Amino acid sequence: WEKDDVAEQLKCLTAEARSLGDYAIKGTPEASQYAKQRPNLAKRAIELWKVVIENTPDSPAAKEGKERVAELEKLAGKG
């Protein structure tokens with residue numbers, strides 16, 4: 001059951017990282033009150049992606065994470 005539990009946790013982390021990253025990059029309108037939080041959202045998404053990449057380096061999620069981290073780092077650097 002532990003293996004299933006870890007797999008479920010990584011699945012949830014991947015979903016959270018994906019949604020935070022998407023919101024930071026394209027879900028926050030420039031005029032929104034949340035626009036200033038975009039760099040922090042990107043930083044948090046990067047943290048989550050790094051956990052996924054570290055724990056499942058050969059998985060499709062890790063490959064996706066590596067691509068997304070590169071994009072998110074550009075936004076995170078603005079904070």
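Since the structure is predicted, the reported quantities are computational estimates derived from the model, not experimental observations.
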Between L75 and A24, the two heavy atoms sitting closest are CD2-O, 3.4 Å
By side-chain hydrogen bond (donor to acceptor under 3.5 Å, both in side chains), E47 pairs with (sequence neighbours left out) R44
Closest heavy-atom pair, P39 versus A35, reported as atoms and distance to 0.1 Å, is CD-O, 4.2 Å
Taken in chain and number order and not counting sequence neighbours, the residues that satisfy side chain to side chain contact (heavy atoms under 4.5 Å, CB included) with E54 are none
Rounded to the nearest 0.5 angstrom, the CG-CD1 distance for L72 and I25 is 4.0 Å
When rounded to the nearest 0.5 Å, the distance separating NZ of K66 from CD1 of I53 is 6.5 Å
Return a table of donor-acceptor pairs under 3.5 angstrom between the side chains of residues 14-23 and protein atoms on other chains or two or more places apart.
from: T14; atom 1: OG1; to: L10; atom 2: O; distance (Å): 2.8
from: R18; atom 1: NE; to: E64; atom 2: OE2; distance (Å): 2.8
from: R18; atom 1: NH2; to: E64; atom 2: OE1; distance (Å): 2.7
from: R18; atom 1: NH2; to: E64; atom 2: OE2; distance (Å): 3.4
from: S19; atom 1: OG; to: A15; atom 2: O; distance (Å): 3.1
from: S19; atom 1: OG; to: E16; atom 2: O; distance (Å): 3.1
from: D22; atom 1: OD1; to: R68; atom 2: NH1; distance (Å): 2.8

In terms of heavy-atom contacts, A62 and P57 come closest through CB-O, 3.6 Å
Those residues at least two apart in sequence (or on a different chain) that pass side chain to side chain contact (heavy atoms under 4.5 Å, CB included) with D5 are W1, Q9
Taken to the nearest 0.5 Å, the spacing of W49 CH2 from E71 CD works out to 11.5 Å
Sorted by chain and number, sequence neighbours left out, side-chain hydrogen bond (donor to acceptor under 3.5 Å, both in side chains) with S59 holds for T56
